[in-house]
Amino acid sequence: GSQYSGTDAVELLVNGFDQYDTIDLSVFGSDLATTIADGNVEVKNGNDELVATLIFDSAVAGSIDDQLIGIAATGQ
């Protein structure tokens, strides 16, 4: 598949996300990491560049990395 190579961060509105859902972010790369900011999830690549922001209809309280495909494993 193609790789996202843009410079502007993509904003994705996510409705009705729960513990049974997953989101495939691998189009943005394979070295992704997340941070939670204001209830949204910011996705950065290995160069610490913001590539996407996941905006949820209800604030995310904790890490959802295990539900995001393409997020680099963090010491597991």
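For the atom pair CG (Asn40) and OG1 (Thr35), the distance works out to 10.0 Å, reported to the nearest 0.5 Å. To the nearest 0.5 angstrom, Ser26 atom OG is 11.0 Å from Leu68 atom CG. One distance of note links OG of Ser58 with CG of Asn15; it measures 9.0 Å at 0.5 Å rounding. In this structure, Asp18 CG and Ile64 CD1 are separated by 11.0 Å, a value rounded to the nearest 0.5 Å. For the atom pair CG of Leu54 and CZ of Phe17, the computed distance is 8.0 Å after rounding to the nearest 0.5 Å. With rounding to the nearest 0.5 angstrom, the CD1 atom of Ile71 is 12.5 Å from the NZ atom of Lys44.
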Requested in this report: May I have the step-by-step check of side chain to side chain donor-acceptor pair (under 3.5 Å) for Thr34 and Asp65, ending in yes or no?
Outcome: CA-CA 7 Å; Thr34 62; Asp65 285 2; 2.4 Å; yes
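Within the 3.5 Å criterion, the main-chain N or O of Gln67 finds no donor-acceptor partner in the side chain of Gln19. Of the possible polar contacts, one joining the Asn45 side chain to the Asn47 backbone as a donor-acceptor pair under 3.5 Å is found.
Using a 4.5 Å cut-off between side-chain heavy atoms of Ile, Leu, Val, Met, Phe, Trp and Tyr, with links allowed through other members, Leu25 and Val10 fall into the same hydrophobic cluster. Val27 and Val41 fall within a single hydrophobic cluster, where Ile, Leu, Val, Met, Phe, Trp and Tyr side chains are chained together by heavy-atom contacts under 4.5 Å.
Other residues sharing a hydrophobic cluster with Tyr20 under the 4.5 Å side-chain heavy-atom criterion for ILVMFWY residues do not exist; the residue is a singleton.
Residue Asp38 places its CG atom among 12 or fewer non-hydrogen atoms of other residues, nucleotides or ligands, all under 6.0 Å distant.
Across all their heavy atoms, Leu50 and Val43 have their closest contact at CD1-O, 3.5 Å. Shortest non-hydrogen contact noted between Gly39 and Phe56 is O-CD1, 4.3 Å.
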